[in-house]
Each structure stands twice: as C-alpha cells, then as structure tokens.
Amino acid sequence: MNIDSYTQKSAEAVRDARSLAVENGNQKLEEAHLLSALLTPEDGLIKNLLVSMGVPTDAMMRDVEKTVSAFPKVSGGDVRIYLSNELDAALNEAERRASEMKDEFVSVEHLMLGLLAKPDAGMKELFRRYSVEPATFLAALKKVRGNRTVSSENPEDTYDVLKKYGQNLVALARQQKLDPVIGRDEEIRNVIRILSRKTKNN
C-alpha cells in the first residue's frame with residue numbers, strides 16, 4: 001500500500017479505519033473498518049453513490065458496526081495494528097483499479113471497488129444482502145464522475161458540483177415547494193425576455 005498515491009479523502013478513510021480498530025481494541029485492521037470509515041461522512045461520495053443505487057445506508061452502517069463489534073478484542077498497553085490479508089488484497093486491487101482507470105491517485109471510489117472485488121466473508125454477505133455489485137456501483141459512479149480522471153489530491157469535491165452547490169428550481173416547483181409569486185408580472189416578463197435572448201449575454 002502506497003499511501004502517498006492516495007487522495008486526501010482516501011488517506012483519511014484509511015486513518016479513520018485504523019482509529020476505529022484502535023477504539024474497539026481490534027489488533028487486525030479489517031475490511032469492515034474501512035467500509036465504516038467510507039460510510040461515515042454524511043456528504044461522502046460513497047454514501048451518496050449507494051443512496052443513488054437505492055441502498056439503505058443507515059441500515060447498512062448498523063450492520064457494519066455489528067460486524068466491527070464482533071471482532072476479537074485485545075486490551076492493555078499499546079495495541080499494534082496490522083492489515084488483514086483480505087484488506088491488503090482489497091487495497092492492492094484499489095491501486096490496480098486506479099491505474100486501470102488512468103487515474104493518478106487512489107480515490108475513495110477505488111477503495112470501494114477494491115472492497116467489492118476482493119471482499120472477505122463478512123463483506124461478501126453484506127454486499128449480497130444489500131445487492132451492492134461492482135457493475136451497478138460503476139454505473140452510479142459514471143453518472144457522477146463522467147469521463148474525468150483523478151488528477152488531483154482532492155477530486156471528490158469536484159464531482160456533482162451542481163447538486164452540491166445549486167438548487168433544482170424546476171424539481172422544487174414540481175414538488176410544490178416554492179412560494180407562489182404574486183404581483184410580480186413585470187419582473188417575470190423581464191426574466192423571460194432576458195433568458196430568451198439569442199444574441200446578448202444572459
């Protein structure tokens with residue numbers, strides 16, 4: 001595992017996974033620790049992708065927490081943490097996927113693809129239960145990421161920018177969530193006229 005080739009968010013996920021293992025007194029860093037770290041951020045890419053796939057992420061997170069709490073615990077002194085063979089294989093797969101996708105850095109989506117490609121027994125059962133498959137995950141990722149490659153250490157912030165920073169007024173109007181505009185006929189006409197121009201800047 002070459003942490004220098006990881007994006008800020010993916011390196012953070014690995015650190016958070018390690019912290020979770022330490023908190024729980026687990027000597028071995030497992031795939032469930034990493035998945036928990038990937039699902040924790042509310043506005044995180046992995047959580048949003050799974051939601052777009054129709055996965056109940058809160059229920060999934062509870063199952064991941066149960067898995068983590070069932071791991072063997074050690075107590076007393078400094079707990080030395082080491083990677084499980086399965087997680088090591090998943091991280092190597094993540095690096096391979098990044099290279100295959102012509103990305104310069106290993107991002108959180110590569111970590112998730114690594115977990116999906118090389119799941120341990122617990123993760124395999126979890127992904128089966130929630131119908132999370134590599135093909136559907138890649139399709140959801142393509143919608144958000146398009147054809148862009150990961151060429152910076154913070155690419156996750158550039159995905160789906162319109163959704164993150166804008167509001168879909170048409171969708172809100174369809175859902176009757178906009179206040180009615182009363183007594184603004186002249187302003188509405190001006191907006192329509194300005195937006196309908198073909199030769200001037202709008």
Side-chain angles (χ1 to χ4, degrees), residues 1-24 26 29-69 83 86-87 90-91 93-95 97-98 101 103-120 122-124 126-127 129-168:
M1 182 178 82
N2 179 16
I3 200 76
D4 293 335
S5 67
Y6 282 41
T7 63
Q8 289 175 11
K9 291 270 197 312
S10 54
E12 199 176 288
V14 173
R15 281 195 300 272
D16 290 348
R18 189 183 185 287
S19 299
L20 181 62
V22 171
E23 275 173 38
N24 282 275
N26 307 137
L29 188 55
E30 300 275 8
E31 291 186 354
H33 294 116
L34 182 58
L35 184 58
S36 176
L38 291 171
L39 288 174
T40 299
E42 274 304 313
D43 60 344
L45 176 66
I46 301 304
K47 188 166 190 172
N48 287 333
L49 287 174
L50 291 173
V51 167
S52 74
M53 290 162 59
V55 176
T57 51
D58 290 342
M60 189 184 212
M61 186 65 175
R62 283 194 294 273
D63 283 349
V64 173
E65 285 168 355
K66 274 186 210 163
T67 303
V68 169
S69 66
L83 283 180
E86 294 84 359
L87 181 57
L91 293 174
E93 177 66 15
E95 290 176 22
R97 282 303 183 98
M101 292 164 80
D103 292 326
E104 293 173 34
F105 294 90
V106 177
S107 186
V108 290
E109 63 264 33
H110 302 122
L111 295 180
M112 187 65 184
L113 286 168
L115 291 175
L116 286 166
K118 304 282 184 183
D120 60 27
M123 289 299 96
K124 194 179 283 186
L126 186 80
F127 293 144
R129 190 180 312 145
Y130 290 99
S131 304
V132 180
E133 293 171 3
T136 50
F137 181 80
L138 273 171
L141 176 63
K142 192 162 176 56
K143 280 185 192 171
V144 170
R145 180 172 148 168
N147 293 321
R148 283 173 294 185
T149 57
V150 176
S151 56
S152 71
E153 289 188 11
N154 207 2
E156 294 90 355
D157 290 343
T158 65
Y159 298 158
D160 220 3
V161 176
L162 272 178
K163 191 175 176 185
K164 200 178 283 184
Y165 298 112
Q167 277 188 308
N168 187 338

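Keep in mind it's a predicted model, so treat the numbers as computed, not measured.
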**Complete:** Rounded to the nearest 0.5 Å, the CG atom of L50 sits from the CE atom of M112 at a distance of 5.0 Å
**Complete:** Looking only at heavy atoms, the pair that brings H110 and F105 closest together is CE1-O, 3.4 Å
**Message:** Can you give me the closest heavy-atom contact between A21 and L29, atom names plus distance?
**Reply:** CB-CD1, 4.0 Å
**Message:** Could you report the tightest heavy-atom contact between A140 and M53, atom names first, then the distance?
**Reply:** CB-CG, 3.8 Å
**Prompt:** Are the side chain of S36 and the backbone N or O of A32 linked by a donor-acceptor pair below 3.5 Å?
**Reply:** no
**Fill in**
Here the gap from E93 atom CD to L116 atom CG, rounded to the nearest 0.5 Å, amounts to 10.0 Å
**Message:** For A37 versus D16, what's the shortest heavy-atom pair and its separation?
**Reply:** CB-CB, 3.8 Å
**Complete:** d(K124 NZ, K118 NZ) to nearest 0.5 Å is 10.5 Å
**Fill in**
For S10 and L111, the nearest pair of non-hydrogen atoms, with its separation, is CB-CD1, 3.6 Å
**Prompt:** Of the non-hydrogen atoms in N48 and E42, which two are nearest, and what is the gap between them?
**Reply:** OD1-O, 4.2 Å
**Message:** With a 3.5 Å distance limit and no angle check, can you tell me whether E31 reaches the backbone of D120 through a side-chain donor-acceptor pair?
**Reply:** yes
**Message:** Within a 6.0 Å radius of atom NZ on K47, are there more than 12 heavy atoms belonging to other residues, nucleotides or ligands?
**Reply:** yes
**Prompt:** With side chains defined as the heavy atoms from C-beta onward, is the minimum distance between M123 and L34 less than 4.5 Å?
**Reply:** no
**Request:** Compare all side-chain heavy atoms of L91 with those of Y6 and state whether any distance is below 4.5 angstrom.
**Result:** yes
**Asked** Picking from I46, V51, V64, what satisfies side chain to side chain contact (heavy atoms under 4.5 Å, CB included) with T57?
**Response** V51
**Request:** Apply the test side chain to side chain contact (heavy atoms under 4.5 Å, CB included) to residues V132 and M60: give CA-CA distance (whole Å), side-chain angles for both, the deciding distance (0.1 Å), then the verdict.
**Result:** CA-CA 11 Å; V132 180; M60 189 184 212; 4.0 Å; yes
**Criterion side chain to side chain contact (heavy atoms under 4.5 Å, CB included) on T40 and M61, from CA distance to verdict** = CA-CA 8 Å; T40 299; M61 186 65 175; 3.3 Å; yes
**Request:** State, yes or no, whether a side-chain contact exists between L45 and K9 at a heavy-atom distance under 4.5 Å.
**Result:** no
**Request:** Taking the side chain as every heavy atom from C-beta outward, state whether M101 and L113 have any atom pair closer than 4.5 Å.
**Result:** yes
**Request:** Without swapping roles, check the side chain of T67 against the backbone of D63 for a donor-acceptor pair under 3.5 Å.
**Result:** yes
**Item:** Main-chain N/O of A59 paired with Y130 side-chain donor or acceptor, under 3.5 Å
**Value:** yes
**Item:** Interatomic spacing from OG in S107 to CZ in R97 - rounded to 0.5 Å
**Value:** 14.0 Å
